[in-house]
Amino acid sequence: MALIAATMVKREDGDLGLCRGFRLPSILEGEGDRVLRPPICASKLANLEMACYIFPVQTMSHRKVPHRISLLIRNKTQSFQSDSHAKQSTLLIKAYLDNGLLKQARQLFEEMPERDVVAWTAMISGYTAYNHHNFAWMMFKDMMRESCDHPNAYTFSSVLKACKGMKSLSCGAISHGLSLKHGLVGSSIYVDNALLDMYATCCISMKYACSMFQEIPVKNQVSWTTLITGFTHRDNGVAALQVFQQMFVEEAEKSAYSFSIAIRACAGITSYTYGTQIHASVVKHGFGHNIPVTNSLLDMYCKCNHFQEAENCFNEMIQKDDITWNALIAGYQNSNPIKSLQLLSQMELHGCPPNHFTFSSIITACTNLSVLTCGQQIHGKIFKIGFDQNLPLANSLIDMYAKSGNIEDSRRVFLELANRDLVSWTSMMIGFGSHGYGNEAVRLFNQMVDSGIRPDTIVFMAVLTACSHAGLVNEGLNYFKLMIEKYKIIPNREIYACVVDLLGRGGRVDEAYDVIQSMPFRADESIWAAFLGACSRSPHGKPNLGALEVLDLKPRKTGVYVLLANMYASQGKWGDRAEMRRLLNESGNKKVAGRSWVEVHDRIYSFVAGDGGGSLEPLIYQVLIVLGLHMVEQIQVSQL
DNA sequence: AAGTGTTTGA
């Protein structure tokens, strides 16, 4: 294949220009623009002085649609002529892949008369780099079928990364077998580490990962970090820290990576004690100004509720990145949502653009703040930046609007979503449920199943709660059955609590009691609280069931005593009521009074039952009277 | 000719 090369130079404006030789035929110009302009960014060009176009002569015809324009970025020190044709093509493939041009890379690859391991491996790792793990695996399968060339350590480390990406243990095990066959296990640390990582990611337990780790003849920093990461991501912080400790015992060299993940493990188990110890070690090892390390320290202090130390970390950091800001914003989202909002504006003032992580925390902060106008402003901002189709964000907006009492806007966000995931549906169902729209929630559940999404435990909790609040007892029971029989989901405590609540509120107290007795585990105080709560709210009586059982548990929830006290009071059993009050005082806990609040103009008015809401009191009672009149009217209309 | 592992949310 004859090739024509034209030399390209970097123009003053940073773009590429045609230097000498010939103009591109007009038919190629469009293609040239498309292929060349987007992938070449100024940073890529900074250390490249020269680039070459190569394209087959036959495509020079003006009439024929060009087959391809290939872009070759070369370092000027490299000699162009000395490379073989296969090497040139592989280089081109690399250049395409580096610039995200997967289709062009694939086409060039398909057209290569002979493909060597390097070309195959480049394709596999290219697909993996862009998260097309399935394509990477298909490439590998094709390679094993077609190629007489042997896969090497590079190939297997890429393939195993694809298996990790697919979370496929079977593919991983096949790759393990093949890499053993090619003698690469125990001889290449890259393959060994990739295998370790694959088993740590794809298996339910860490058993295989641990034995893989044992078999690595000479472990390096990566091996240790990968093992610790496996435990940490599995929420086994204790085991992760044991491995980290073992690194000290064996005097293995520590890296910033191993410190970051170990600190994350501390955060996961909220161990301030280990966290501070590791902090000291971080400083000793000279990682005190490493950004990921200090970011995870900052996060750890937040998760351990040591905000002063988190602030210290933050202030002492010489360099901050978006994660630094996000970690602190996320840290304050529950305990001090106003602080989160203040940090957001500071973040922007420092020229650090917020991303979807930031907004996710900020929406939670707004939800906690229950100030609808704040949430609306943030929503506007999200829309302006174009994050409104970001699923996690949209899902938290659905939740925020619902919790702020604005179910219409909650629904609007839901409807405007082009794609919905399980969380979107669940959030919407919970929103409908809490607003008393049980039928809407049920309808949504059916729509969700029709759209091909498989419900999980939390979805069923949402449906059961919605049914319970809307008095749809039989529907709820049907869903409980559906969950067990069709979806083979084993009900947990929360689900049983929902069913008990459903039956109790519906006045079917005996059935609720039977459910509690037939549960595969002993009822805890939460289940009894659900039972007593539901029964006391129902006018159907018989609430004495379960009272003695729950007292046996010596519950720590103050609500349980309050429920029982109110129950006895309603029956005129004043002696028993006094006993409950005594137990409540004895427990030393105080029941926190439920608070209501309302946003009027730019002020929040908060009040508990009986205190009247301060300056708003006359207004609240006026609204209440009007609402009462509306209700009476509605009842009269429905009785007509 | 080509490399591995870390930090922020739900």
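Being a predicted model, the structure only gives us computed values, none of them experimental.
Ranking dT7(B), dG5(B), dG9(B) by closeness to the Pro292(A) side chain, first place goes to dT7(B). Here dG5(B) is the nucleotide among dA1(B), dG5(B), dG9(B) with the atom lying nearest to any side-chain atom of Gln221(A). Checked against dT7(B), dA1(B), dT6(B), the side chain of Val118(A) finds its nearest nucleotide in dA1(B). With distances taken from any side-chain atom of Asn220(A) to the nucleotides dT7(B), dT6(B), dT4(B), the minimum falls on dT4(B). Listed nucleotides: dT7(B), dA1(B), dG5(B). Nearest to the side chain of Asp116(A): dA1(B). With dG9(B), dG5(B), dA2(B) as the candidates, the nucleotide lying closest to the side chain of Asp197(A) is dG5(B). Relative to the side chain of Ser157(A), the nucleotides dA2(B), dG3(B), dG5(B) differ in distance, and dG3(B) lies closest. For Tyr257(A), the side-chain atoms get nearest to dG5(B) when compared with the rest of dG5(B), dA2(B), dG9(B). If you check dT8(B), dT4(B), dT7(B) against the side chain of Ser296(A), the one that comes closest is dT7(B).
Going from atom CD1 of Ile124(A) over to atom P of dG3(B) covers 14 Å, rounded to whole Å. Between Leu298(A) atom CG and dG9(B) atom P there is a gap of 11 Å when expressed in whole angstrom units. As a whole-Å value, the separation of Leu160(A) CG from dG5(B) P is 12 Å. When the P atom of dA2(B) is taken as reference, atom CG of Leu92(A) falls 14 Å away, rounded to whole Å. Rounded to whole Å, the distance from OH on Tyr96(A) to P on dA2(B) is 19 Å. The interatomic distance linking Lys164(A) (NZ) with dG5(B) (P) rounds to 5 Å, in whole Å. Atoms CD1 (Ile291(A)) and C1' (dG5(B)) sit 18 Å apart, rounded to a whole Å. With rounding to whole Å, Ile189(A) atom CD1 is found 21 Å from dA2(B) atom P.
Asn368(A) pairs with exactly one of Ile338(A), Asn334(A), Asn336(A) by the side-chain contact (heavy atoms from CB on, under 4.5 Å) rule, that one being Asn334(A).
Within the 4.0 Å cut-off from OP1 or OP2 of dT8(B), not a single side-chain nitrogen or oxygen of Gln333(A) is found. Considering only side-chain N and O atoms, His233(A) lies under 4.0 angstrom from the phosphate OP1 or OP2 of dT7(B). Side-chain N/O atoms of Thr364(A) include one lying less than 4.0 angstrom from OP1 or OP2 on dA10(B).
Ring-to-base geometry places Tyr154(A) in a stacked arrangement with dA2(B) (centre distance under 5.5 Å, plane angle under 30°). Using a 5.5 Å limit on the distance between ring centres and a 30° limit on the angle between planes, the aromatic ring of Tyr190(A) does not count as stacked on the six-membered base ring of dT4(B).
Side-chain N/O atoms of Ser258(A) and base N/O atoms of dG5(B) include no donor-acceptor pair closer than 3.5 Å. Under 3.5 Å, the side chain of Asn152(A) and the base of dA2(B) form at least one donor-acceptor pair of N or O atoms.
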* To do: Determine, step by step, whether Leu108(A) and Tyr96(A) satisfy the side-chain contact (heavy atoms from CB on, under 4.5 Å) criterion, reporting the C-alpha distance in whole Å, the side-chain angles of both residues, the deciding distance to 0.1 Å, and the verdict.
  => CA-CA 9 Å; Leu108(A) 179 54; Tyr96(A) 278 138; 4.0 Å; yes
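Ring planes of Trp325(A) and His350(A): tilted class, angle from 30 to 60°. Between Phe135(A) and His132(A), the ring planes are perpendicular. Angles over 60° get that label, and only those under 30° would be called parallel.
Between His176(A) and Phe156(A), a ring centre-to-centre spacing not shorter than 6.0 Å is recorded.
At the heavy-atom level, Ala256(A) lies under 4.0 Å from base atoms of the strands shown. In this structure, Asp321(A) reaches neither bases nor backbone, as no heavy-atom distance under 4.0 Å exists between it and the strands shown. Nucleic acid contact class of Asp299(A) (heavy atoms, under 4.0 Å, all strands): sugar-phosphate only. At a threshold of 4.0 angstrom between heavy atoms, the contacts of Ala153(A) include nucleobase atoms, whether or not backbone atoms are also involved.
Relative to the ring axis of Phe359(A), Lys381(A) does not place its NZ or CZ within 45° and under 6.0 Å from the centre. Annotation: cation-pi pair Lys254(A)/Phe259(A) absent, no NZ/CZ under 6.0 Å from the ring centroid and within 45° of its normal.
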